[in-house]
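Report on the structure given below.
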Amino acid sequence: MSNFGATILDADGLRLTKDEKAFFRDADPFGFILFARNIDTPDQVYGLCSEFREAVGREAIITIDQEGGRVQRMRGPTWTEWLPPLDFVQAAGDDAERAMYLRYRHIAHELKALSIDSNCAPMVDLVVKETHDFLRNRCYGTSPGDIAALGRAAAQGHLDGGVLPVLKHIPGHGRTDLDSHYDLPRVDVSLDTLRETDFAPFRELNDLPMGMTAHVVYEAVDETPATLSADTMALIRSDIGFDGLIMTDDIGMKALDGTPDQIARRALDAGCDVVLHCNAPLVDRIASANAAGQMTDAAQARAEAALAARQTPDDIDIAELNAELEALLSGAGKSVGHG
């Protein structure tokens, strides 16, 4: 069997077009990602996931951004609406670890019912004074140790529900005052400081199966954004010790300069395993997939290890889980919300 295509790709709508089906069949991407425009009813989402997998002829991974709060592609009333993670953690107080586990176990349950088997969470970026508003309330806190513990709880909730977590944004996006969707953020603190703070939660969670890069320049390491920097990618592998599959953040974000094919090639040459390219015209996705080609053998091995980490969900009673979560949050008068 040949290696997977070194891409994770998306679709334009609620069903695959004829052109998309042909493209995916040829490109054989490692996996797919869903956005709000791909979400209507449970039956429709399940059907779209089936079409993705039929196009490549295997149980390809399908991921989504379902952090809860502002960043959740599946919304109420069909699916559960959640507080932003930072607000949720503060509401849960001393019970935050357990509450985060229950939150993401519930999210995993909702995803798995649609055959979505990955989620782009936990996000263990550090909150500091400068943290941009696009990121702030998506974070879990200000202490590296607390963030790591909450990230571990969230990751385990996913895994127990049969959903692969994606650790983001390696090696840390929190210390930035720009939104990488529109600009290239730069971090100018020392490497020692980064190791003690921003990098620390990622080191604690370096055994997770998948991670996503940050489009951020770490001036103490390199003048190139992490996604395109061989030096930063080497640091992620050696210093942070992350040996899981590394995907780029979306290469269509404006933090990165160049054409899609140029960026895709640079990211893979720097040491990323797979390129995430979404929210782009089909012609651009075809260009990036052609430039990316197939995964290297090392990337393929990490991809297969990640797929092997998918497990059958444990048995849970969602009503009991929600009751426990409500009880944990009730002291602050907060509600999980219902969909």
Side-chain angles (χ1 to χ4, degrees), residues 2-12 20 23-35 38 52 55-56 58 60-65 118-120 164 166-171 173 180-181 184 208-217 222 224-234 236-237 242-307:
S2 59
N3 291 357
F4 303 137
T7 45
I8 295 174
L9 301 169
D10 63 346
D12 284 336
E20 285 174 333
F23 166 45
F24 295 149
R25 191 164 51 247
D26 292 343
D28 191 25
F30 166 65
F32 300 94
I33 187 167
L34 295 165
F35 289 89
N38 307 124
F52 279 135
V56 294
R58 57 185 161 81
I61 200 159
I62 298 174
T63 196
I64 193 169
D65 288 289
S118 173
N119 189 22
C120 295
L164 291 183
V166 178
L167 183 66
K168 66 187 188 188
H169 303 89
I170 295 177
H173 205 312
S180 53
H181 291 86
L184 176 58
L208 291 183
M210 298 171 66
M212 176 187 286
T213 62
H215 296 333
V216 174
V217 170
D222 193 0
T224 307
T227 304
L228 308 179
S229 166
D231 289 345
T232 310
M233 294 305 299
I236 289 167
R237 293 298 190 194
F242 188 85
D243 193 40
L245 183 83
I246 294 183
M247 71 170 78
T248 69
D249 204 344
D250 177 16
I251 65 165
M253 290 161 62
K254 294 188 171 52
L256 305 182
D257 286 332
T259 58
D261 54 326
Q262 291 169 339
I263 297 170
R265 198 58 257 161
R266 287 178 65 196
L268 296 171
D269 289 346
C272 294
D273 295 314
V274 63
V275 170
L276 175 66
H277 193 195
C278 30
N279 303 311
L282 185 61
V283 65
D284 287 351
R285 283 174 282 161
I286 291 171
S288 59
N290 287 341
Q294 291 181 327
M295 284 185 165
T296 64
D297 289 345
Q300 181 75 16
R302 293 188 189 105
E304 290 174 0
L307 295 176

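Side chains included, hydrogens not; waters and symmetry mates left out as well; all remaining heavy atoms used.
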Between [X] (side chain only) and [Y] (backbone N and O only), is there a donor and an acceptor less than 3.5 Å apart?
X: T248; Y: L276; value: yes
X: N38; Y: A11; value: yes
X: N290; Y: A287; value: no
X: H215; Y: D250; value: yes
X: R302; Y: I246; value: no

SB check R237 D273 (cutoff 4.0 Å):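 D273 and R237: salt-bridged.
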Salt bridge D257-R266, side-chain N to carboxylate O under 4.0 Å: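 No.
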Working for side-chain contact (heavy atoms from CB on, under 4.5 Å), residues L34 and F52: CA-CA 11 Å; L34 295 165; F52 279 135; 3.7 Å; yes
Between S229 and T224: side-chain donor-acceptor atoms closer than 3.5 Å: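 S229 vs T224: no donor-acceptor pair found between side chains.
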Close side-chain approach of T213 to I170, heavy-atom, < 4.5 Å: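 No. Closest side-chain heavy atoms not under 4.5 Å.
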F4 and F30 aromatic ring geometry - parallel, tilted or perpendicular at 30°/60° bounds: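 The rings of F30 and F4 sit tilted, inter-plane angle from 30° to 60°.
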Closest heavy-atom pair and its distance - [X], [Y]:
X: A292; Y: R265; value: O-NH1, 3.3 Å
X: P171; Y: A226; value: CD-CB, 4.1 Å
X: S288; Y: I251; value: CB-CD1, 4.1 Å
X: A299; Y: L245; value: O-CD1, 3.7 Å

